[in-house]
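Note that this is a predicted model, so its numbers are computed, not measured. Hydrogens, waters and symmetry mates are skipped; everything else that's a heavy atom, side chains included, is used. Per chain, numbering begins at 1; letters A, B, ... match sequence-line order.
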Amino acid sequence: MKKYNPAKIEPKWQKFWEKNPKLYAAEDGSRKRKFYCLSMFPYPSGEGLHVGHAESYTATDIYARMKRMQGFNVLYPIGWDAFGLPAENYAIKIKTHPAESTEKSIKNYTRQLNALGLSYDWSREIDSSSPEYYRFTQWFFLLLYKQGLAYRQKARANWCPSCRTTLANEQVVAGRCERCESLVIQKKLDQWFFKITKYADQLLADLVKVDWPESIKEIQRNWIGRSRGMELIFELKKVTSKEEKFFSDSEKNNLEIAAKLQNIPTAARVKVFTTRPDTIFGATFMVLAPDGESLKQLYKLAANKNKIKAYRLGALRKNEMQRTQLNREKTGIPLRGLIAVNPVSGRPIPVWVGDYVMGDYGSGAIMAVPAHDERDFEFAMRHNLPVERVIYQEKKYWAFLNLSFLRNSRKVLETLKDRYPLQALNIIGKGYRVSPVKTQKSKLPYGIAVEMNGANEVGEYIKIIQPELKANFWSEIAGGKYLQFVFAKEVVRDNSEEEKKKLQHCLKNAVKLLSGRNSFDPRLNLVKKVIGEKDFYADYIFWTIPVTALRAAVCYAEKSGRVFNSPLINGVSVEKGWERICKWARERNIGRGIVNYRLRDWLVSRQRYWGAPIPIIYCAKCGTVPVPEKDLPVELPREVDFVPTGESPLKNLKSFYQTKCPKCGGEARREVDTMDTFVCSSWYYYRYLDPKNDKEFAGQDKIRRFMPVDLYVGGVEHAVLHLLYSRFFTKFLRDTGYVDFPEPFLKLRNQGIVLGPDHNKMSKSKGNVINPDQIIAELGADTLRLYEMFMGPLEEMKPWDPKGIMGVRRFLEKVWEMQGKVQSVKHAPYFDTRYKVQSQESGDTVNNNLKIKKILHQTIKKVTDDIEALAFNTAISQMMILVNEWRAEKEIDRSEFELFLRILAPFAPHLAEEIWEELGNKNSIFAAEWPRPQEKFLVTDEVTLVVQINGKKRDAIKISPNITEAEAKKIVLALPRIKDYLGGKILRRWVYIPGKIVNIVT
RNA sequence: GCCGGAGUGGCGGAAUUGGUAGACGCGAGGGACUUAAAAUCCCUUGGGUGAAUAACCCGUGUGGGUUCGAGUCCCACCUUCGGCACCA
C-alpha cells in the first residue's frame, strides 16, 4: 500500500472538484429543501489567509458538505469584500493601484481557499469593487435617498487623522480608529448619513427572533441603548444679578420665592430628558451641554455670553484631545442672567453649562438630581451646588467611618468585617474610590462604608464604635430620612446648650483638621453645614439632610425605595412616583413619556478613493440631485492620485466631478466622497443569489428560494458593524417590499480567535503567526482542517499547539492504513455509490463483530448530531474512538468502513475521496448519501449500574437495562463488597435510577 | 461603574434532564523494535496514603446552601475575558 501523501492526493482532488462544479453548485430550480450556509466574506488583504479564517471556513464547509449529502440544496458561496481602507492602505504601502493589489490578493486568497479544499460554488463569486456589483450598492443608496433615509448634514463627525477620513460611530472603538488605532478627533463636516435610527426599536425587538450568541445580542442591545424616560419642559426666567442671588439662596422661604418667580415673565423653555421623573423634587440645578441644541437657543439670553463662548470652545477642543481620557473632571460654568423653574416644585434652580452632558443625546440638557445620580453629585460637589435627597431606603443604613478617628482602627475593622458588608473608601480627586476591604497587613484605607440592615444593626454598630472613637471625632450614619452622627460618649452627655456648644467646637476642630490635609475630603462641606445646626440630641445629631458626602449611601441610583421631600408624591414608591409625575406633567402639557436611543445615524461618507462613489450630483439651480438609475454605475475612475489628503482624491479629478445636472442639464458637480465599505457588505449575501443579474440586485424568485441565511459564521468584531447594518438593510428592504422576512441571518455563530502557541494573540511583532500555507505544505490541508476543528469549541478562544496537530495527523494516517484491512469482497451493490440506506447493512459482511457495529452506528449518530450543533471537536474525538477500536481488529468490513468514510469526508475531503476511489467507487464520495444510524445498533443490552453507599461509589455492575428494580436490588445487596460495607447497618433509603445508579443510604 | 460570557489534570479540552468527573488529543514516564536516533507500537499518567494494577481519603475558582447524590441548581464572593461607559 502507498504511503499517505497529502501533497499528492490533495491537488488531485482539488482539480477533480474544479472540473465537477455541479457537485457543489446550488440549483436554482431544485425541489430539494434549501440551505444557505455562509461565512463572512473576506477582504482580500495582502497578508493572505490566516488560521482564523481557515477555522471559520472549515466549519461552514463541513456543515455544507454534510447538508448536501443529506440531500439539501445547499448554497455555499464565496466572494470578496474588496473595497475599503485596509485594501487601500495596503495599496499605498506597496505603491500599487488598489485595483491591482486587490486583484493580486484575490488570486492569492482563491489559491489558498482551494488549497484548503473548500466546497464553494465558485460560479457565484462576487467582488464588491467591480462596477457590476457597486452599481447596486449605489442603487441601494438611491433607494434609501428616495425613502428619506439617506440625508446630508453638516455635523460633528469622527475623524481619523491617520486614515484621513470620517468614520461611523461603530468604527470608533474606545475613542480610537477601529483600523489603525489612532485617536479619533471631532470635525464638523458635510456628510451623508443613513437613518438607521428609524429602525432602532425594531433592531432591538427583533433580536428575540434570531438564534445568535447571547453575547452578540447583548452588544447590540447596549449599542442601541434604549432608555425609557420622560421629556420635561422647564421654564426659564430672565433675572438681574440681584434677583439671581436671591433665588440662588436655597434657604429662603419657598412660598415667597414661588410668588416672586411667577411674576417674572418666561423668557425661554428648555426640554430635558430624564429616566427618573420620580426624583424631580431633588432636581437642584440644570446643566446644558456646551455643544447642545438647548444652549444654542439660550446663549443669546445669557448675561455672561463671552465666558460661555470661551467655555464652549474650550470644551470642544478638549473633546478633540481628551475624549478617551477616563474620569474626566466635571468642569462647568454658571449661565448668568437666567434661572430655571422646577416645573413641579416651582423652585428656582440655577442653570449651568457643563461638558459632562452630551450635546447629541436628548436635547442636550438635563435636570440634575445630585442626591441620586453619581455624575450630578460629582458636579454638585465640585461647584458647591445644593444636594437634596428625595428617595430613601426603608431599611438600609450606611455608616461612614474615618479610620483615623479611631483609637484602634485595625481591631475595629476586624470586628466590623465579620459583622457587616464593608467597603473601603479612599479619596481620589473630589470623591471617594470604593474598593474591597483588604486583609490585615495591607495599608488601611482612608475610611470605610458599613452597610447595615434595620435599626437593630445600627444599634449594634453604635455599641461597637462608640467606645473606640477618639475624643472629638465621630462616624455618620445615613439612611431613612436622616443623617445621624455618632460621637464618643464623653463628648456629648446630654442635650443641654452647653453640650451642643462643645459639640460644635469638636466639629470646628475637625474642619481644620480635614482642611489641613492635602487631599480634599468631600465631607467637609457637610460638616461645615452641620456646625450651624441647632436641633440635635445628646449623643447623635438628627438632622434632615440637605447634603451628604456619603456617596455610597446617598448618591445612589436607588431604583427602589420611597419618595420623600416631594409634596406631590410623598411616601409613595419610586415606581408610583414615576407614574404620577408623568401623568401630572402630561395633564399640564409640560412633559410626556418618551424613549431615547443611544444609537446614532450611520455616517457613510468617506474621503477616500477605494470605495463606491456616492451617486449624487450637486447643481447650482436644482440643488442635490440623485443620479438617475439608468446612469448607474457612477464608475470609480482608475487613474487617480489616491494618497489620502483629508479630502476625497476624486475632488481633483475634473473628468470625474464635472458633469451635467440630470434635471436641468446645466453645469453640475458630482459628490466626490465614496461610501463606507460596510455599505457594500450590508447586502452582499443577496447578491450571491443572483450574481449575474444586471437588472436587479437579486431576482425576487431567487430571494424567495434561498433567503434568509440559515447558518452564518464570522468574527465577533462585526457585532455592531456589519451585523447591525445588514439587519438595518434587510428591514429597510422589507419595508420597501423587496423581501418579506425581518432578519437576514437566522443562526449566527462566532468563531473564537486562534491564539499563537504562546497563548498570545498572533502578531508579526511577536513572531507567533501560524501560516496555513506552511501547514498545508508540511502536513496537508486535511490535517489542518481537522486540527482547526479539534482544537476546541468553535466559539472559544484557543491556542495553536504545533505538537497537538500531530495527533490529528496520526489519526489520518491510521485511517489511511486501515485500507489494507478492508476486505475486498466483490459484490456489486458497493460499487453503486447511490445505494440506499437499506442496503448498507447487507448480509454478506465479512465481519459480524457486533461491538464494532455498535460503535460505528453510535459514531454516525454522534457525528451527525455534533456537526448539526457545530461541536466538531467532539465529533472528531468520537471518530478517533471508533478508529482505535477498529485498529484492534484483523479485518474491516468494507461496507462499514465506507459508512465511516462518508462521515469523515466533510472533515478530510481529500483523504476520503482518495480512499473511496481506492475502494473502487467511481463517483465522488460527496455524491453519496449521508449515513443514518440504525436504531438496532444503538440500543444497549448491557448497562453499567453504579452502586453508591451514602453518595460514594463503592461498586459497579453490568446488568441488562430491562432488569426490574426488585431484581436489581437483589443483585446489588448480594454483592460481597456491598455486604461488607453495609455490615449490619439499617438500610434507610434506597434510591434507584434505572440503568444509571443506585444509592444506598444507611 | 453597569451588562454579558468563562473558571475542570502539566496543556487543549470531554461530561443528556443533577447520577461513575477528567472522554479524545498533546505532553510526560516506562517498555518493545533499532548499532543508535527518529518514526512506529504497547503500558502508565488528577493529587495523596500504601509494596500494590488491594483499599481508602481529597479533588471541577472561594465560602455557604438545597439534595440520597452537585462541575451541573440556589446565595454570596474572587479571578478573568468581552461589550458599553459621563447616554441623565
Is any side-chain N or O of [X] closer than 4.0 Å to OP1 or OP2 of [N]?
| X | N | value |
| --- | --- | --- |
| A:R887 | B:C41 | yes |
| A:Y361 | B:A88 | yes |
| A:R954 | B:A55 | no |
| A:S877 | B:G13 | no |
| A:R989 | B:G69 | no |
| A:R810 | B:A39 | no |
| A:K862 | B:C24 | no |

Would you classify [X] as touching base, sugar-phosphate or nothing, given that sugar-phosphate means primed atoms plus P, OP1 and OP2, and contacts are heavy atoms under 4.0 Å?
| X | answer |
| --- | --- |
| A:K953 | base |
| A:M806 | nothing |
| A:V357 | base |
| A:N873 | sugar-phosphate |
| A:P213 | nothing |
| A:D376 | nothing |
| A:I881 | sugar-phosphate |
| A:N999 | base |
| A:V991 | base |

Atom [atom1], compared across [N] and [M]: separation rounded to whole Å:
| N | M | atom1 | result |
| --- | --- | --- | --- |
| B:G12 | B:G83 | P | 22 Å |
| B:G46 | B:A37 | P | 28 Å |
| B:A6 | B:G61 | P | 13 Å |
| B:G64 | B:A55 | P | 31 Å |
| B:C2 | B:U8 | C1' | 30 Å |
| B:G59 | B:G9 | P | 14 Å |
| B:U53 | B:G48 | P | 13 Å |
| B:A15 | B:U60 | C1' | 11 Å |

Of the nucleotides B:G25, B:C26, B:C58, which has the atom closest to the A:K952 side chain?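 Looking only at side-chain atoms, A:K952 lies closest to B:C58.
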
Which listed nucleotide (B:G19, B:A15, B:G4) is nearest to the side chain of A:S215?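 Of the candidates, B:G4 comes closest.
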
Tell me whether B:G30 sits syn or anti, counting syn as a glycosidic angle within 90° of 0.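 It is anti.
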
Pairing check on B:U45: which nucleotide meets the Watson-Crick or G-U wobble criteria with it, both distances under 3.5 Å?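 Across all strands, the one nucleotide that pairs with B:U45 is B:G27.
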
Rounded to whole Å, how long is the line connecting atom [atom1] of [X] with atom [atom2] of [N]?
| X | N | atom1 | atom2 | value |
| --- | --- | --- | --- | --- |
| A:L938 | B:U16 | CG | P | 18 Å |
| A:E795 | B:G12 | CD | C1' | 17 Å |
| A:I753 | B:G5 | CD1 | P | 19 Å |
| A:K803 | B:G10 | NZ | C1' | 13 Å |
| A:L599 | B:G83 | CG | C1' | 15 Å |
| A:F790 | B:C11 | CZ | C1' | 13 Å |
| A:E796 | B:A14 | CD | C1' | 13 Å |
| A:E788 | B:G13 | CD | C1' | 16 Å |

By nearest nucleotide on RNA chain B, pick out whichever of A:V946 and A:G359 is the more 5' one.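 The residue closer to the strand's 5' end, by nearest nucleotide, is A:V946.
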
Is there, by distance only and without an angle test, a donor paired with an acceptor across the side chain of A:K330 and the base of B:C86 below 3.5 Å?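 Donor-acceptor pair under 3.5 Å: yes.
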
Quiz item: A:K3 side-chain donor-acceptor pair to B:U40 base, under 3.5 Å: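 Between B:U40 and A:K3, which were checked side chain against base, a qualifying N/O pair under 3.5 Å is absent.
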
With a 4.0 Å heavy-atom cut-off, tell me which residues in residues 217-226 of chain A come close to RNA chain B, sorted by residue number.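 Within residues 217-226 of chain A, the residues near RNA chain B are A:E218, A:I219, A:N222, A:W223.
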
So which of residues 716-725 of chain A are in contact with RNA chain B, with a heavy-atom cut-off of under 4.0 Å?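 Under 4.0 Å from RNA chain B: no residue of residues 716-725 of chain A.
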
CD of A:E935: more than 12 outside heavy atoms within 6.0 angstrom?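 Result for CD/A:E935: open.
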
Apply side-chain contact (heavy atoms from CB on, under 4.5 Å) to A:N999 and list each qualifying residue two or more places apart in sequence or on a separate chain.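 In terms of side-chain contact (heavy atoms from CB on, under 4.5 Å), with neighbours along the sequence ignored, A:N999 is linked to A:Q948, A:V991.
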
